[in-house]
Each structure stands twice: as structure tokens, then as C-alpha cells.
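Worksheet for the structure shown next.
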Number of protein chains: 2
Amino acid sequence: MISSKFLKGRGRERLSPEAQSLLEGSIGDVQVVPGAKTLVRRGEPIRSSMLIVEGFICRSADDHQGQRQMVSLHVPGDFVDLDGFKLRRLDHDVITVGPAKVAIYEHDAIAKLIRRSSHLTASFWISGLLDAAIHRAWIFRLGRLEADARIAHFFCELHARLEAVGLAQNASFEFPLTQPDLGQALGLTGVHTNRVLRSLRERGLLTLKNRRVDIGDWKSLARLGNFEPGYLYSSGSKAGNH
Amino acid sequence: MISSKFLKGRGRERLSPEAQSLLEGSIGDVQVVPGAKTLVRRGEPIRSSMLIVEGFICRSADDHQGQRQMVSLHVPGDFVDLDGFKLRRLDHDVITVGPAKVAIYEHDAIAKLIRRSSHLTASFWISGLLDAAIHRAWIFRLGRLEADARIAHFFCELHARLEAVGLAQNASFEFPLTQPDLGQALGLTGVHTNRVLRSLRERGLLTLKNRRVDIGDWKSLARLGNFEPGYLYSSGSKAGNH
DNA sequence: CGCGCATTTGAATCCCGTCAATATATGTGG
DNA sequence: CCACATATATTGACGGGATTCAAATGCGCG
């Protein structure tokens with residue numbers, strides 16, 4: 001099923017079979033889009049939202065000189081711009097990283113779903129709350145961690161989220177971002193990102209090569225990155241693991 | 001009315017009189033709490049949420065050495081931990097800055113409100129989405145801006161939000177954070193925060209003194225901070241003002 | 001009045017950015 | 001299959017913004 005990954009990467013919530021089939025039945029269209037394509041521009045009115053089926057899509061804002069800051073990165077199973085359903089426009093751009101496949105949901109269709117299923121309404125609401133929790137972890141990363149720890153934390157999170165949707169096998173997963181892209185996510189320049197990646201590689205913690213990440217030492221990586229997965233609210237993670 | 005500021009600082013949404021009175025009638029308790037008090041600890045199960053009536057409350061996470069990163073700052077009219085209603089626990093601590101007055105909403109009462117009013121359900125949902133939008137601006141600030149621009153952006157946002165709830169008069173407002181507190185919000189040390197504040201003062205942009213902010217040159221401050229208020233979704237702000 | 005807290009300032013250090021150059025893919029057309 | 005163009009990765013040298021450590025000054029409050 002096209003929509004079967006929804007919320008899988010997000011918390012312990014699971015859809016009931018009825019909700020799942022309602023969701024599946026409301027897909028307006030499935031589109032394949034090339035990489036590095038801006039799907040939605042900041043501020044423009046939108047009338048539909050996208051569920052990622054395959055590929056990575058990021059949201060990013062830019063400063064006055066056009067320098068970008070990535071504010072979130074989405075993977076299959078994520079609703080990218082569901083907030084647009086309520087807010088009517090976005091405060092950022094939506095851009096594909098590599099090629100991606102998305103399921104389009106017209107806002108009219110979402111409105112119908114909400115009227116028919118309070119379970120789906122709650123799921124959509126929760127999806128937004130988990131986005132916010134991930135944003136907060138992103139803030140923590142940028143505000144408190146140095147470059148090596150930022151990278152460590154970032155990949156710990158991404159690994160956890162990809163594993164939840166079956167896209168990570170034994171500490172290895174596809175990662176379509178270039179090093180400058182990664183820098184935009186972490187508040188670093190591409191050059192410095194490269195240097196720190198080398199350091200992590202030499203320390204045996206992590207290897208990034210040919211669009212693929214291999215985690216060499218998960219435990220050290222999590223310690224370095226101050227990573228505590230509680231904020232992902234997944235079924236496995238304990239509450240308040242200090 | 002105690003709850004009358006809800007959502008005023010957040011976007012163009014307004015509550016209907018019926019929704020407003022439902023909300024007012026569901027207040028479980030009103031409490032006055034001292035400053036610098038931890039109201040909720042990360043991970044602990046919660047059964048109620050708080051609407052701020054007076055004062056500032058922040059949410060913050062800490063690293064392995066106990067160093068704090070503030071991830072959001074809330075003002076009167078904000079529901080601080082409404083996500084706890086859905087998620088049952090929080091991924092961060094909730095701490096008062098100065099003394100504050102809060103209206104407590106038991107989760108049972110919120111559940112009742114949601115069953116009785118789809119309008120309030122939508123408002124609660126939107127409240128979380130606007131939190132997320134503010135988080136994204138926070139990420140942008142930390143990732144792309146240097147210290148002086150971070151401070152500028154931060155105070156531009158805060159001024160806009162306080163003005164929306166009637167707590168800012170002609171570019172001046174109460175600000176109960178110390179300089180180290182401000183540093184925790186901006187990913188800076190207290191020492192450097194102090195130096196940059198001096199620079200902003202000397203440039204005539206902003207003065208912080210005796211727990212009060214005076215904005216000297218709003219336009220320059222907004223330009224320096226790359227501030228574009230679209231993400232606050234307030235009725236006044238135009239969409240996509242690049 | 002004096003204690004505690006916040007603010008302010010100095011000096012040395014370090015992490016990261018900038019500028020520049022080179023190397024290594026990756027892909028394309030002749 | 002090679003020549004060429006483009007994108008990505010890598011490395012060096014230098015400068016600058018922020019941290020760290022330390023000390024001094026101001027200020028509110030009991």
C-alpha cells in the first residue's frame with residue numbers, strides 16, 4: 001500500500017485498518033519528481049499536501065543573501081506539508097533532495113477524512129506534534145553541540161527514523177544529501193562538514209561514501225551526539241531516559 | 001477573562017465567543033508560581049496542560065554535562081505543553097523565567113472540549129502548528145545567523161508576539177531573562193551575549209536594561225536579523241514577503 | 001551595610017569560516 | 001573509448017567570531 005508507512009517513522013502511534021484504508025483511498029495522485037526540485041515555495045497558497053512514498057524531501061528557509069538553512073528533512077512515511085492544510089501557506093520552501101515519489105492529498109480530501117474519522121484527525125494532529133519535537137531536537141543540536149557532535153546526533157536520529165520505516169539495515173542506509181547539503185542542515189559550511197566527516201571516519205564512528213552512511217560505532221556515536229531518542233516517541237524508547 | 005489571550009499571539013485565528021466561553025469554563029485551577037521553577041520534567045507522565053496568564057515560561061533541553069539549551073519561550077496566551085495532551089509526556093523541561101500565573105487544564109477537561117467543539121479542536125491543532133513554525137524560525141536563527149543577527153531576530157519575534165497580546169507599547173516590553181538565559185536561547189555564552197548587546201546598544205538598535213527591552217531602530221533591527229514575520233501567520237503579515 | 005547575583009571587561013585560545021587550489025568522480029557527446 | 005564538462009570531495013593557509021578563564025564592577029534586597 002502506498003500510504004502504509006504513514007506515522008511508522010513517527011512515534012508509537014499505529015493506524016487502525018479502517019483508518020489506513022480511508023487514507024489509502026483518498027490519494028489524489030502519485031507523482032515522481034526529480035531531485036533538487038522546489039515543490040512548494042514559501043508563502044504561496046497551497047491546496048494539497050504530500051505524503052512521501054520514496055526519497056528524501058527537505059524544508060528550508062533562506063537569508064537575505066539567499067543562503068539556505070535546512071529546517072527539516074523528511075523520509076518515506078512523512079507528511080511533508082500537512083500544516084499547509086490548516087495554515088493555507090508555508091513559512092519555508094519544500095525541496096526534493098534526490099528523486100522522490102509522493103502521494104498527493106487534496107485539502108478537500110483531507111477535510112473529508114477529518115469529518116469521517118476522529119482517529120485520523122488525531123493522527124494528523126500527532127504527526128504535527130512529532131514534527132515539532134524533531135524541530136526541538138534540531139534546535140538543541142545547533143545551539144549546544146559542536147560540529148562533530150552535531151553530525152553524530154543528526155545521523156543517530158536519521159537512523160532511528162529510517163529503521164522505523166524499514167529503510168536501514170544493520171547500521172547502514174541510503175543518504176542522498178551532498179556534503180554541502182548536510183552542512184546546510186547542521187549550520188556548517190560544506191568545507192568544515194567535510195573535515196569533520198573525515199575525523200569521524202578516522203575515529204571509526206561513521207562513514208559517508210557514495211550516498212550511503214555506515215555507522216561504525218553506534219554507541220560512541222550516540223554518546224558523542226548526546227542522542228536520547230525519547231523525543232521520537234517510538235514504542236521502543238523509554239520515557240525520560242536521562 | 002483569564003483565557004482571553006489564547007491564540008492572540010499566534011496567527012490570525014480567533015476564537016468564537018462560544019469557544020472562548022467553553023475554554024474559560026474548563027479551567028481547572030489558576031496557580032501562581034515563582035521564577036526559575038521547573039514545572040514539568042522531561043519524560044514524566046502528565047495529566048494536565050498550562051495556559052499562561054502572566055509571565056514567561058521556557059522549555060529547555062540539556063546535554064550530558066547539564067548545559068541547557070532553551071528550545072522555546074512562551075508568553076501570556078500560549079499553551080505551554082498542550083502537546084502533552086496527545087503525547088502523554090514531554091521531551092524537554094518546562095521552567096518559569098520570572099514569576100508566572102498559569103491556568104491549569106486537566107487532560108480530561110480538554111478531551112471533553114474536543115468532543116464538544118470541533119472549532120476548539122482545530123484551534124488546539126493550529127496552536128501546535130504555530131509552535132512548530134516558531135521552532136523553525138529558531139532553527140534558522142541558530143543555523144544561519146551570527147550573534148548580533150540572532151539577538152536582533154529574537155527580539156523582533158518577541159516584540160511581534162508580545163504586541164499581539166497587548167504587552168508591548170511603542171517598541172518597549174518587559175523581558176525577565178538574564179543575559180546568560182538569553183545566551184541559552186541563542187546558543188551563545190553569557191559573556192558573548194553581553195558583548196554583542198553592548199554593540200547593539202552602541203549602534204542604537206536595542207537596549208536591554210532592568211529587565212526591559214527598548215528597540216531603538218526597528219527597521220535596522222529587522223534587517224540585521226533577517227526578520228520576516230510571515231511565519232507568525234498573523235493577520236497583518238502578508239504571505240511570502242521576501 | 002554587606003551579601004549575592006547580574007553585568008561588564010580583558011586576554012588567550014579554539015573552532016569554524018573564507019578563499020583558493022587540487023583531486024576525484026560522474027556523466028555526455030564525438 | 002577518449003576528450004571534455006560538470007559536480008562533488010578533499011586539502012591548505014589564513015582570518016575572525018565565539019569560548020574559556022579570570023577578575024572587577026555594579027546593583028537589588030534583606
May I have the distance from L197(A) (atom CG) to dT10(D) (atom P), rounded to whole angstrom?
8 Å
Is the distance from OP1 or OP2 of dT10(D) to the nearest side-chain N or O of N194(A) less than 4.0 Å?
yes
Quick one about S172(B) and D214(B) (side-chain donor to acceptor, distance below 3.5 Å, no hydrogens or angles considered), yes or no?
yes
Would S199(B) and R203(B) count as having a side-chain donor-acceptor pair, cut-off 3.5 Å?
yes
Residues forming a side-chain contact (heavy atoms from CB on, under 4.5 Å) with D78(A), sequence neighbours excluded
R10(A), H74(A), V75(A), R161(A)
Residues in side-chain contact (heavy atoms from CB on, under 4.5 Å) contact with A61(B), at least two apart in sequence or another chain
F140(A)
L186(A) atom CG is separated from dC16(C) atom C1', nearest whole Å, by 13 Å
N or O in side chain of R201(B) less than 4.0 angstrom from dT8(C) OP1/OP2
yes
Atom CG of L182(B) to atom P of dC5(C): distance rounded to whole Å?
20 Å
In whole Å, I'd like the distance from the CD atom of Q179(A) to the P atom of dG17(C).
14 Å
Could you walk me through whether K219(B) and D217(B) pass the side chain to side chain contact (heavy atoms under 4.5 Å, CB included) test, one step at a time?
CA-CA 6 Å; K219(B) 216 156 178 189; D217(B) 182 347; 3.9 Å; yes
Atom CG of D181(A) to atom C1' of dA9(D): distance rounded to whole Å?
13 Å
Rounded to whole angstrom units, what separation is found between the CG atom of D63(A) and the P atom of dG17(C)?
14 Å
Protein-to-nucleotide contact annotation, 5' to 3' order, nucleotides 12-30 of chain D [B base; S sugar-phosphate only; - none; under 4.0 Å, heavy atom]:
BB----BBBB---------
Side chain to side chain contact (heavy atoms under 4.5 Å, CB included) between R144(A) and R150(A), worked out
CA-CA 9 Å; R144(A) 278 252 68 80; R150(A) 275 186 220 175; over 6 Å; no
